[in-house]
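Labels below follow one simple rule: chain letters A, B, ... track the order of the sequence lines, proteins then strands, and each chain is numbered from 1.
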Protein chains: 2
Amino acid sequence: MINARPAVEDRPAVSVEDRLADDLLDRIFHALANRTRRSLLARLARGPAMVTQLAAPFPMSLPSVSKHLRVLESAGLIARSIDGRIHQCCLTTEPLREVEFWLAHYRAFWDQRLEALADYVESDRDGGPMTT
Amino acid sequence: MINARPAVEDRPAVSVEDRLADDLLDRIFHALANRTRRSLLARLARGPAMVTQLAAPFPMSLPSVSKHLRVLESAGLIARSIDGRIHQCCLTTEPLREVEFWLAHYRAFWDQRLEALADYVESDRDGGPMTT
DNA sequence: GCAATATTTGCCCATTTGGTTTAATATCAA
DNA sequence: TTGATATTAAACCAAATGGGCAAATATTGC
């Protein structure tokens, strides 16, 4: 074939809003893709805490935890209120809702897919459906 | 500064199951933390496709897309069935359910938080429940 | 003022990531 | 067989990540 791949112009246009949403999802998912940070969120789900308190259970230096907190903060997953030397951190609800919203896109697929799977199991038994 | 931080033994024990779940969540969230990969998932939500088809809309080389697909696959987000030269990819439902499950942990916090906010707004109790 | 506390910043390092290009492999089709 | 197609593998590179440590910056309290 002459054109194995479509030209760049043929790609779907991406709106500014989409790009902003993508940036946010990038930051949110990246922030969640680390168990230390997820652990910090789990701790904060039990209530606000200052940085030193948050860092205490982790076998790493304070600056490292501080950096993790900044990643969480820049993803909007936590907020901090500074009172003197004390930085009090607390969970924020909005970004996790963002994730929920993103997931909702696929929930429709799941349901449809489970139905299709049920159909498939009954109809086609000869060829292996999917080699893992 | 005798014991500024608790000893390693004081940290909560982490079970093997937890570590496996953490590994999986690491892979899932990392896989989702890239817009190209999310875009691939969005495409696959509309139905299975072969690698070349999947790569076509993206302004990057085929090997790059191939790598992205492998990341998605190793996170269990997609599965592939190989038929001759054709690798057919399709969405998998399980990992997104895993994310849902993880999110459910925090949903309780949201509700409690929204309830607290509602209480705060409606009634005249003194003192906000949680500093933002 | 001075020391202790809470936190961040800067620099260093090894590893990973996300992309490239150029083979290599496997399959289909003429 | 020969050549095109579908896909991965290998080697490479720049940039980001996650960790360390030492120093800087505020702030608190004596």
Side-chain angles (χ1 to χ4, degrees), chain A residues 1-6 8 11 22-23 25-41 44 48-75 78-90 130-131, chain B residues 1-6 8 11 22-23 25-41 44 48-75 78-90:
Chain A
M1 267 307 183
I2 301 173
N3 270 332
R5 293 174 55 198
V8 171
R11 281 180 291 126
D22 276 346
D23 283 343
L25 282 174
D26 282 353
R27 281 200 301 275
I28 293 174
F29 280 127
H30 168 250
L32 296 179
N34 177 283
R35 72 195 64 187
T36 299
R37 289 193 289 263
R38 287 198 304 277
S39 195
L40 285 167
L41 290 182
L44 286 175
M50 57 186 285
V51 176
T52 313
Q53 286 173 338
L54 289 170
F58 294 96
M60 66 179 66
S61 67
L62 196 58
S64 289
V65 174
S66 178
K67 285 177 191 173
H68 281 304
L69 289 173
R70 200 155 46 109
V71 171
L72 290 169
E73 197 180 8
S74 82
I78 69 173
R80 85 174 65 199
S81 62
I82 303 177
D83 180 31
R85 332 177 249 193
I86 310 291
H87 294 214
Q88 184 111 240
C89 299
C90 67
M130 209 168 284
T131 62
Chain B
M1 54 189 288
I2 302 172
N3 264 331
R5 295 174 52 199
V8 171
R11 283 179 290 125
D22 276 346
D23 283 343
L25 282 174
D26 282 353
R27 281 200 300 275
I28 293 174
F29 280 127
H30 169 250
L32 296 179
N34 176 284
R35 72 195 64 187
T36 298
R37 290 193 289 265
R38 287 198 305 277
S39 194
L40 285 167
L41 290 182
L44 286 174
M50 55 186 288
V51 176
T52 314
Q53 286 174 337
L54 289 170
F58 294 96
M60 66 179 66
S61 67
L62 197 57
S64 289
V65 175
S66 180
K67 284 182 189 173
H68 281 304
L69 289 173
R70 200 154 49 107
V71 171
L72 289 169
E73 198 180 7
S74 83
I78 69 173
R80 84 175 66 199
S81 63
I82 302 177
D83 179 31
R85 325 177 256 189
I86 311 289
H87 293 214
Q88 184 112 239
C89 299
C90 67

### Residue Met50(B), side-chain atoms from C-beta onward, closest of dT7(D), dA6(C), dG20(D)
dT7(D)
#### Entry: Contacts of type side chain to side chain contact (heavy atoms under 4.5 Å, CB included), residue His30(A), not counting sequence neighbours
Arg37(A), Val71(A), Ala33(B)
Sub-3.5 Å pairs of nitrogen or oxygen atoms, protein against nucleotides 9-11 of chain C:
none

### Summary
Of dG19(C), dG20(D), dA6(C), the nucleotide closest to the side chain of Met60(A) is dG20(D)
### Message
Arg27(B): which residues meet the salt bridge (charged side-chain N to carboxylate O under 4.0 Å, His left out) condition with it, sequence neighbours left out?
### Response
none
### Summary
The correct set of residues in residues 27-34 of chain A placing a heavy atom under 4.0 Å from DNA chain D is His30(A), Asn34(A)
#### Entry: Side-chain N,O (His68(A)) to OP1/OP2 (dG18(D)) below 4.0 Å
no
### Query
Minimum heavy-atom separation for Leu69(B) to Cys89(B), with atom names?
CD1-SG, 4.4 Å
### Query
Looking only at side-chain N and O atoms, does Ser61(B) come under 4.0 Å of OP1 or OP2 in dT21(C)?
no
### Query
With Asp23(B), which residues qualify under side chain to side chain donor-acceptor pair (under 3.5 Å), at least two apart?
Arg35(A)
#### Entry: Distance-minimising heavy-atom pair for Phe58(B) and Leu40(B)
CE1-CD2, 3.5 Å
#### Entry: With Ser74(B) via side chain to side chain donor-acceptor pair (under 3.5 Å) - residues at least two apart
none
### Message
Once salt bridge (Lys or Arg N to Asp or Glu O under 4.0 Å) is applied, what residue pairs with a partner in residues 54-73 of chain A remain, sequence neighbours excluded?
### Response
Glu73(A)-Arg80(A)
### Message
Nearest heavy atom decides the nucleotide; on that basis, is Arg37(A) or Ile86(B) closer to the 5' end of DNA chain D?
### Response
Ile86(B)
### Query
Are any non-hydrogen side-chain atoms of Arg38(A) and Phe29(B) less than 4.5 angstrom apart?
yes
### Query
Hey, does the side chain of Arg80(A) come within less than 4.0 Å of dT7(C)'s phosphate (OP1/OP2), counting only N and O?
no
Using a cutoff of under 3.5 Å, can you pull out all pairs of nitrogen or oxygen atoms linking the protein to nucleotides 27-30 of chain C, with atom names and distances?
unit_1	atom_1	unit_2	atom_2	d
dT27(C)	O2	Arg85(B)	NH1	3.4

### Query
Please give, in whole Å, the distance from dT27(D) P to Gln88(A) CD?
17 Å
### Message
Tell me every residue that passes side chain to side chain contact (heavy atoms under 4.5 Å, CB included) with Ala49(B), counting only those two or more places apart in sequence or in another chain.
### Response
Arg43(B), Leu44(B), Gln53(B), Leu54(B)
